[in-house]
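Quick note on labels: first sequence line is chain A, next is B, and so on, each numbered from 1. Since the model is a prediction, treat every value here as computed from it, not as a measurement.
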There are 2 protein chains.
Amino acid sequence: MSPATSSAEATGTLKKGLHQEGRRMTPQRRLVLDLFEQIGSGSHLSAEEVHRQLVDNQSKVSLATIYRTLRLLVEMDFLQELELRDGGSRFELADEEHIHHHHLVCVRCGRTEEFENEPVLQAGRDACKQFDFELIDSSLNVRGICPACR
Amino acid sequence: MSPATSSAEATGTLKKGLHQEGRRMTPQRRLVLDLFEQIGSGSHLSAEEVHRQLVDNQSKVSLATIYRTLRLLVEMDFLQELELRDGGSRFELADEEHIHHHHLVCVRCGRTEEFENEPVLQAGRDACKQFDFELIDSSLNVRGICPACR
DNA sequence: GTTTGTGCAAATTTTTTGCATGTAG
DNA sequence: CTACATGCAAAAAATTTGCACAAAC
């Protein structure tokens with residue numbers, strides 16, 4: 001099967017988005033986006049992990065730039081920020097097809113599964129309507145213990 | 001109207017729970033629990049905020065003890081840990097009646113509303129069943145923009 | 001009395017920032 | 001060229017920990 005989204009396409013979209021805001025496409029930014037594209041939309045990396053992966057891959061990027069780039073990509077909706085476990089945020093590709101998925105995390109080993117659920121989406125809409133908020137997004141985090149850890 | 005739960009009752013329950021685990025009831029622990037009881041189950045405080053409130057109230061507690069106490073009370077299910085915004089965990093009373101509520105947060109001003117929703121609860125159960133996890137708890141976080149910030 | 005808890009200050013961890021230099025457009 | 005981005009190292013913020021002393025049981 002063919003890849004759902006090519007790296008070139010996303011990089012092109014990113015470049016356009018950056019230019020619209022008076023920002024620039026840099027090798028560092030491309031590296032971060034490419035990494036997320038390569039690993040796919042189901043992986044949740046911390047800033048440190050992104051940095052280590054790139055450095056291990058012979059790329060020269062500083063951790064400070066990773067933090068700045070991650071914030072930028074979240075602002076631009078290319079990435080989504082998650083707070084699944086303690087000790088720092090994690091990020092994943094904000095894939096259109098996956099933007100409304102949820103997470104099931106094992107509190108022992110950190111294993112993370114994703115699932116979709118329409119009623120949850122509706123619950124977010126309902127809550128916003130009730131309090132007259134404008135919905136940005138909603139995410140359900142379920143904590144549990146996986147079979148292997150029992 | 002009479003208070004739903006008296007401070008004495010919760011303190012007594014806490015004391016019993018502590019003793020069961022070979023731990024001790026201290027003035028500091030009582031202070032933290034009392035604070036959460038006074039403010040009710042809809043308030044979300046950070047460790048710093050808990051500390052400031054107690055110190056402002058002429059109580060002498062260290063921030064380190066607040067952190068230790070909060071962790072302890074979460075372990076004992078007297079408090080629930082939330083990760084609603086960036087920059088640190090927040091805690092709220094793990095009231096039986098409110099244990100399955102969810103949060104709607106304004107990304108601009110931080111205003112937080114709570115709501116309940118049965119389908120969300122069911123979604124958590126379903127996800128656990130699907131992956132054979134044992135459910136601990138689940139929470140829906142909805143991000144949006146409140147009327148005042150628009 | 002013995003064991004657990006607290007305060008303090010130092011250490012860790014995670015993230016941000018100031019500034020000189022580099023580079024995309 | 002000029003504005004924006006990066007790297008580095010220092011700063012800030014959030015949380016944890018070692019240790020001597022205090023207090024609960």
Within this structure, what is the CZ-to-P distance between B:R71 and C:dG5, rounded to whole angstrom? 12 Å

Could you check B:L72 against A:L63 and say which one's nearest nucleotide on DNA chain C is further toward the 5' end? B:L72

Please determine, for the side chain of A:S62, which listed nucleotide (C:dT17, C:dG7, D:dG7) has the closest atom? D:dG7

Need to verify one output field. Residue with the more 5' nearest nucleotide on DNA chain D, B:P27 or B:S89? B:S89

Decide whether A:H44 and A:E114 meet the rule of one side-chain donor and one side-chain acceptor closer than 3.5 Å. yes

Distance-only polar pair, side chains of B:D126 and B:Q122, donor-acceptor under 3.5 Å: yes

Length of the line joining A:K15:NZ and C:dT23:P, which is rounded to integer Å: 17 Å

Base, sugar-phosphate or nothing for A:R68? Non-hydrogen atoms, less than 4.0 Å. base

If you only use heavy atoms from C-beta on, which nucleotide in D:dA14, D:dA24, D:dT17 is closest to the side chain of B:E48? D:dA14

Per A:R24 side chain, nearest of listed nucleotides D:dT15, D:dA9, D:dT2: D:dT2

With a non-hydrogen cut-off below 4.0 angstrom, is A:R23 in contact with a base, only sugar-phosphate, or nothing? sugar-phosphate

Of the candidates C:dA24, D:dT6, D:dT17, the side chain of A:T69 sits closest to D:dT6

Grab the CD-C1' distance between B:E49 and D:dT15 for me, whole Å please. 16 Å

To the nearest Å, how far apart are B:L14 CG and C:dG5 C1'? 14 Å

With the side chain defined as heavy atoms from C-beta on, B:H19 is closest, among C:dG5, D:dC25, D:dG7, to D:dC25

Rounded to whole Å, the CZ-P distance (B:R29 to C:dG7) equals 11 Å

Run the numbers on A:V32 and A:T65 for side-chain contact (heavy atoms from CB on, under 4.5 Å), then give the verdict. CA-CA 10 Å; A:V32 173; A:T65 292; over 6 Å; no

Taking C-beta and beyond as the side chain, do A:E92 and A:H103 meet within less than 4.5 Å on heavy atoms? yes

Apart from B:F133 itself, what residues make up its hydrophobic cluster when side-chain heavy atoms of I, L, V, M, F, W and Y under 4.5 Å apart count as a link, directly or indirectly? A:L104, A:F115, A:V120, A:F131, A:F133, A:L135, A:L140, A:V142, B:L104, B:F115, B:V120, B:F131, B:L135, B:L140, B:V142

Does B:S46 reach a base, just sugar-phosphate, or nothing at all? Heavy atoms under 4.0 Å. nothing

Whole-Å gap separating C1' (D:dC8) and NE2 (A:H51): 12 Å

Taking atom types as modelled and ignoring hydrogens, do the side chains of B:R125 and B:S138 form a donor-acceptor contact shorter than 3.5 angstrom? no

Could you work out which one of D:dA5, C:dT6, D:dC8 sits closest to the side chain of A:A64? D:dC8

Would you please confirm or rule out a distance under 4.0 Å between OP1 or OP2 of D:dA23 and any side-chain N or O of B:Q28? no

A:E21 CD to D:dA3 C1', in whole Å, measures 16 Å

Residue whose nearest DNA chain D nucleotide is more 5′ - B:T26 or B:Y67: B:Y67

Between C1' on D:dA14 and CG on B:L45, what's the gap in Å once rounded to a whole number? 16 Å

Closest to the 5' end of DNA chain C, once B:T65 and A:M25 are matched to their nearest nucleotides, is B:T65

